[in-house]
Protein chains: 2
Amino acid sequence: MKLDAVDVRQAASAADIVYEALRKAIIEGDLAEGENLRQDHIAQMFNTSRIPVREALSRLEQHGLITTERYKGAVVAGLSIEEIEEIFEFRALIEAEVIRLAVPNLDRRTLELARQHCEEFEREENAERWGEINRNFHYSLYEAARRPYYLQIVRASLDRIDRYLRAQLTLTSGVARARREHKAILDACMARDAERACALTRDHILDAGRSLTIFLREQRG
Amino acid sequence: MKLDAVDVRQAASAADIVYEALRKAIIEGDLAEGENLRQDHIAQMFNTSRIPVREALSRLEQHGLITTERYKGAVVAGLSIEEIEEIFEFRALIEAEVIRLAVPNLDRRTLELARQHCEEFEREENAERWGEINRNFHYSLYEAARRPYYLQIVRASLDRIDRYLRAQLTLTSGVARARREHKAILDACMARDAERACALTRDHILDAGRSLTIFLREQRG
DNA sequence: CATAGAAATATTGGATCCAATATACAATCT
DNA sequence: AGATTGTATATTGGATCCAATATTTCTATG
């Protein structure tokens, strides 16, 4: 197990810190699917007791990132291919709508920010960073929709499959395609063409989903 | 020797029980918006310690049903009219899609079940029960979409506004309209017309949202 | 009498201890 | 040897205690 052990005596509650650290470790794939999460082990790493750890684990379970069983403990949740497909389909629906709602509100500063993320995603060679930049690019546009509830759901659903998405980018040479698609989405946004941006976002997500599930089907046999 | 094999599956944990009870109380409006939730008090009510109560509260906070502040405690979360509007808009998007996906899978038994819920909703005079039956009607159809992730999100978003929706049904005479709309949706489903069922569901939710926000704007001034 | 400051109370977050039980492994029996 | 039973260990869920801080009440003073 590998995660950034933080000293707990800081602003937020210990439970919040543990929750955030575990969440990050899971969605970035540092904690492998199926890996055991022992309460006292984690507690020791964060220099705290098991109480806040349990609270953090309970929250992670609510979000579907782990599963727990009494007397047995928690393991990082794995998703079946069907579940992954469902989440991609869902994301396509929501995020397409979010971008449609965002386009009319895009101002120059937001577009400039998105352009920078887009360029960074194009230039970056370190595969480790693609996931992060990809998120930044999309979210910078999504923010303009001014729909906090939608974004909360988008975030939660992306969390569930982010680790697979990162694999898709690196292992299936999905980056090249993602780069082209990002540029196309950005173009549509700059042209204030909400319908085009919507359709492109939808396809972008469905493409990634298809590419990923093909890869996983091979890998898992 | 011959014994009946009993399901010895353990009772849920105390935290689960507290969570479910509080969730139910909040979404049904038994706990009013802004009401204080004291850990001690709840613990005594459930004859347990504060530990499982805290875990339950932490989960409720994740779902947005309460807000907590250190040294101050938890209060039942209230929603602004804008937040309520957003959630209705969101539900319209998701649930319309879910019903579209469900229609091709509807079998005779499911339709019969939905028809029974629809009739029950029509006959029932006790306003207290409308919320429950309304949920049952919609979910009985949604299940056929075979999209567990979508349904989880639908459930969570309905939880957030259920208490207001119940008020809308009773206080604005929304039932009459809801009854008509339910029948229309059921008809479309029986006719296997996915697009019509989708559009009707969308309008059904948006109608309720509009009616509710008009009512709330008057009420809140 | 009104008000500022101090003490008492309420309330949360976390630490430590205890009870329940699943799992692994040794001991026993056929 | 293989199956079965008993025991030690690991691990979780919950109870109780403690520390920190917000809120309220009380007192003394102008």
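FYI, side chains are in, hydrogens and waters are out, and symmetry mates aren't considered; it's all heavy atoms of this structure. Order of the sequence lines sets the chain letters (A, B, ...), proteins ahead of strands, with each chain counted from 1.
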Next item on the list: Taking all non-hydrogen atoms of both residues into account, name the closest pair between A/Val103 and A/Cys189 and its distance.
Entry: CG2-SG, 4.2 Å
According to a strict under-4.0 Å criterion, is [X] in side-chain N/O contact with OP1 or OP2 of [N]?
{"X": "B/Lys72", "N": "D/dT23", "value": "yes"}
{"X": "B/Thr68", "N": "C/dT12", "value": "no"}
{"X": "A/Gln39", "N": "D/dG13", "value": "yes"}

Note to self: Return whichever of B/Glu55 or B/Arg50 has its heavy-atom-nearest nucleotide of DNA chain D closer to the 5' end.
What the structure shows: B/Glu55
Check: If each of A/Ile51 and A/Glu69 is mapped to the nucleotide of DNA chain D with the nearest heavy atom, which maps nearer the 5' terminus, i.e. the 5' end?
Finding: A/Glu69
Figure out the [atom1]/[atom2] separation between [X] and [N], and round it to whole Å.
{"X": "A/Leu57", "N": "D/dG14", "atom1": "CG", "atom2": "P", "answer": "14 Å"}
{"X": "A/Tyr71", "N": "D/dT12", "atom1": "OH", "atom2": "P", "answer": "12 Å"}
{"X": "B/Asp40", "N": "C/dA10", "atom1": "CG", "atom2": "P", "answer": "10 Å"}
{"X": "B/Phe46", "N": "D/dG13", "atom1": "CZ", "atom2": "P", "answer": "19 Å"}
{"X": "A/Glu61", "N": "D/dG13", "atom1": "CD", "atom2": "C1'", "answer": "13 Å"}
{"X": "A/Arg38", "N": "D/dA10", "atom1": "CZ", "atom2": "C1'", "answer": "8 Å"}
{"X": "B/Arg59", "N": "D/dG13", "atom1": "CZ", "atom2": "P", "answer": "10 Å"}
{"X": "A/Asp16", "N": "C/dT12", "atom1": "CG", "atom2": "P", "answer": "16 Å"}

Check: Has the side chain of A/Arg54 got a donor or acceptor atom sitting under 3.5 Å from an opposite partner on the base of D/dG14?
Finding: yes
Margin query: In the structure I gave you, are the side-chain heavy atoms of B/Asn136 and B/Phe121 within less than 4.5 Å of one another anywhere?
Written below: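 With C-beta onward as the side chain, the pair stays apart.
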Note to self: I'd like to know if B/Arg129 pairs up with B/Glu132 as an ion pair, taking the criterion as any Lys NZ or Arg NE/NH1/NH2 lying under 4.0 Å from an Asp or Glu carboxylate oxygen.
What the structure shows: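 Answer for the salt bridge query: no.
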Next item on the list: Check B/His63, B/Gln62, B/Glu61 against A/Gln62 for a side-chain hydrogen bond (donor to acceptor under 3.5 Å, both in side chains) and give me the one that passes.
Entry: B/His63
Next item on the list: Supply the atom-to-atom distance A/Arg59 CZ to B/Ser58 OG, rounded to the nearest 0.5 angstrom.
Entry: 4.0 Å
